[in-house]
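Everything below concerns the one structure shown next.
None of these values were measured; they are calculated from a predicted model.
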Amino acid sequence: MKILITLLKPLSFIPALLMMYLIFSFSSQTGEVSGELSYKISYNIVEIKSEILHEGKSYDELNYEANSIQFYVRKAAHMTEYFLLAVAVSFPLYVYRVRGFWLFLLAGIFCAGFAGLDEYHQSFVSERSPSVRDVCIDSSGALIGIILVQLFCWSTLHNPSGSHKKKKKTRKKRRR
């Protein structure tokens, strides 16, 4: 069983590699294609909101509102991408017994470094440009992901309530 686990451990990085590919793919889109995608998402958001709240807004009103939230939708997408990357990087590191400060450091440097390289990559894409602000937004999404992985793993795997010790005591009493 240990041999199988040892062989499968490296596969735990596959979600991180897939997330990196997805981020790279989005960054490879021209500015026009990227803008159209974020506009469509923004428009869908305001259209659904209008339907739910029975606002009955016209196309022009929805268009205006979609344009007004498009920037925030784009930045939320940045945060979400790097949140998911951080989760996909942090879990395998945790599997390899990287914990606490070292998990923050390694996963944080990796995600922030990838964000920087991704912004540099965008400098070669038509109608795109690198942005230090986007690296900061990406890194904040990654930080949230790393913190949540740490909390999740600590709360589920380390069993801080001590119920694991209680189970052992109960088993010993049953054997008597």
Between the side chain of Asn63 and the main-chain N/O of Tyr59, is any donor-acceptor distance below 3.5 Å? no

Is there a side-chain contact between Ser90 and Leu103, using heavy atoms and a 4.5 Å cut-off? yes

Provide the closest heavy-atom pair for Leu62 versus Val46 in the form atom of the first, atom of the second, distance. O-CG2, 3.6 Å

Quick one: do Val149 and Phe13 end up in the same hydrophobic cluster if we chain Ile, Leu, Val, Met, Phe, Trp and Tyr together by side-chain heavy atoms under 4.5 Å apart? yes

Hey, is the main chain of Ser131 close enough, under 3.5 Å, to the side chain of Glu119 for a donor-acceptor pair? yes

Measure the CG-CD1 distance between Leu151 and Ile146 for me, rounded to the nearest 0.5 Å. 12.0 Å

For the residue pair Phe110 and Phe114, categorise the inter-ring angle as parallel (less than 30°), tilted (30 to 60°) or perpendicular (more than 60°). parallel

Side-chain (Glu127) to main-chain (Glu32) donor-acceptor, under 3.5 angstrom: yes

Above 12 or not: heavy atoms from other molecules or residues under 6.0 Å from CG of Leu11? yes

Please check this pair: side chain of Glu36 against backbone of Val33, looking for a donor-acceptor N/O pair closer than 3.5 Å. no

Would you check if the side chain of Ser139 reaches a backbone N or O of Val135 as a donor-acceptor pair within less than 3.5 Å? yes

Would you check if Tyr94 and Phe152 make a side-chain contact, meaning some heavy-atom pair closer than 4.5 Å? no

Closest approach of Val125 and Ser27, non-hydrogen atoms and distance? CG2-O, 3.5 Å

Decide whether Phe101 and Val98 are clustered together by the hydrophobic rule: side chain heavy atoms of Ile, Leu, Val, Met, Phe, Trp, Tyr closer than 4.5 Å, transitively. yes

Which atom names give the shortest non-hydrogen contact between Val89 and Ala16, and what distance separates them? CG2-CB, 3.8 Å

Let me check something: do Ile41 and Tyr72 share a hydrophobic cluster, defined by ILVMFWY side-chain heavy atoms less than 4.5 Å apart, either directly or through other members? no

Test Leu85 against Met20 for side chain to side chain contact (heavy atoms under 4.5 Å, CB included), laying out the working first. CA-CA 7 Å; Leu85 178 62; Met20 291 166 63; 3.6 Å; yes

Chi angles and distances behind the side chain to side chain contact (heavy atoms under 4.5 Å, CB included) call for Tyr64, Asp60: CA-CA 6 Å; Tyr64 176 79; Asp60 289 337; over 6 Å; no

Taking every heavy atom of Asp118 against every heavy atom of Ile23, the minimum-distance pair comes out as OD2-CG2, 3.7 Å

Nearest-0.5 Å distance that lies between atom CZ in Phe83 and atom CE in Met19: 10.5 Å

Compare every heavy atom of Glu65 with every heavy atom of Lys49, then report the nearest pair and how far apart it is. NZ-OE2, 2.6 Å

Value rounded to 0.5 Å, distance of CD1 in Ile69 from OH in Tyr39: 10.0 Å

Below 4.5 Å, heavy atoms only, C-beta onward: do Phe26 and Leu37 meet side chain to side chain? yes

So for atom OH, which belongs to Tyr96, do other residues, nucleotides or ligands contribute more than 12 heavy atoms lying within a distance under 6.0 Å? yes

Same hydrophobic cluster for Ile137 and Leu117, using side-chain heavy-atom links shorter than 4.5 Å among ILVMFWY? no

Do Tyr82 and Asp134 have side-chain N/O donor and acceptor atoms under 3.5 Å apart? no

Quick check for you: to the nearest 0.5 Å, what is the distance between His78 atom NE2 and Ser140 atom OG? 11.0 Å

Would you say the side chain of Gln122 lies within less than 4.5 Å of the side chain of Ser129, judging by non-hydrogen atoms? no

Could you go step by step and tell me if Leu22 and Leu18 meet the side chain to side chain contact (heavy atoms under 4.5 Å, CB included) rule? CA-CA 6 Å; Leu22 182 67; Leu18 292 172; over 6 Å; no

For the residue pair Lys9 and Pro92, establish whether any side-chain heavy-atom pair is separated by less than 4.5 Å. no

Stepwise side chain to side chain contact (heavy atoms under 4.5 Å, CB included) check, Ser123 with Arg128: CA-CA 6 Å; Ser123 69; Arg128 301 289 293 265; over 6 Å; no

If we ignore hydrogens and angles and just use 3.5 Å, is the side chain of Ser25 paired with the main-chain N or O of Tyr21 as donor and acceptor? yes

Please tell me whether Trp102 and Val95 are part of a single hydrophobic cluster in this structure, the criterion being side-chain heavy atoms less than 4.5 Å apart. no

In this structure, OG of Ser38 is separated from CG of Asn67 (nearest 0.5 Å) by 9.5 Å

Do the side-chain N and O atoms of Arg74 and Ser42 include a donor-acceptor pair separated by under 3.5 angstrom? no

Under 3.5 Å, is there a donor-acceptor pair between the side chain of Glu47 and the main chain of Ala66? no

Gly35 to Gln70 - nearest heavy-atom pair and separation: O-NE2, 3.0 Å

Just verifying a value: how many Å separate Cys111 SG and Glu81 CD, rounded to the nearest 0.5 Å? 12.0 Å

